[in-house]
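A quick write-up on the structure given underneath.
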Amino acid sequence: MTKRNTEKILRTYGFWILASLRDECREFLEATTLKELIGSPGNLRSVALFRDQEDGTVEVVIMALWDSMESIKAFLGKQDLRKPRIDPTIDAKLFDREPYVRQYSLSDPDALALIPPSWR
């Protein structure tokens, strides 16, 4: 009998915007990026986090919890797993961005306990 992979994968990606663009960014992410992630097979939860910085920018982190790496690969197609997907019309509005998407395997039962039950 083949053992089924039960690891969940957390993907995060961060970027910074000017504080004046916060509402526009939130609305854009909810209407496009998050909607696409949430509607994808294998995506268990997706959210955008916003944190004001002292320099007048806002750090934005997109977090997506997936049921498996296979689901992520199916979502991305041939795109490099490490490269972020950034809408070209939005790229010019970013103050700064991380060069890579981060992926974390959440197979540790203690790590899974940190995720709210409604996300699982």
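With hydrogens and angles disregarded, no donor-acceptor distance shorter than 3.5 Å links the side chain of R102 to the backbone of G14.
Note that CZ of F75 is 11.5 Å distant from CG of L81, once rounded to the nearest 0.5 Å. Rounding to the nearest 0.5 Å gives a distance of 12.5 Å between CD1 of I17 and CG of D96. Between the CD atom in E59 and the CD atom in Q53 there is a gap of 5.5 Å [rounded to 0.5 Å]. Taken to the nearest 0.5 Å, the OG1 atom of T57 stands 11.0 Å off from the CZ atom of R22. Taken from CD in E24 to CD1 in I90, the straight-line distance is 6.5 Å, to the nearest 0.5 Å. Atom OH of residue Y13 and atom NZ of residue K83 lie 10.0 Å apart, to the nearest 0.5 angstrom.
Side-chain atoms of F15 and P84, non-hydrogen and from C-beta on, never get closer than 4.5 Å to each other. The shortest side-chain heavy-atom distance between R26 and V58 does not fall under the 4.5 Å cut-off. Annotation: side chain of I72 is in contact with side chain of M69 (closest heavy-atom distance under 4.5 Å). Residues D23 and F50 are not in side-chain contact: their nearest non-hydrogen atoms beyond the backbone lie 4.5 Å or more apart. Side-chain contact between I9 and S105 is present, with heavy atoms from C-beta onward closer than 4.5 Å.
Connection of L49 to Y104 is established within a shared hydrophobic cluster, with ILVMFWY side chains joined at heavy-atom distances below 4.5 Å, either directly or through further cluster members. A single hydrophobic cluster is seen to contain both I86 and L21, as judged by linkage of ILVMFWY side chains at heavy-atom distances under 4.5 Å, directly or through other members.
Atom CZ of F95 has 12 or fewer heavy atoms from other residues, nucleotides or ligands within 6.0 Å.
What you find for L29 and A48 is that their closest heavy atoms are CD1-CB, 3.9 Å. Between N43 and I38, the shortest heavy-atom distance links the atoms OD1-CA, 3.7 Å.
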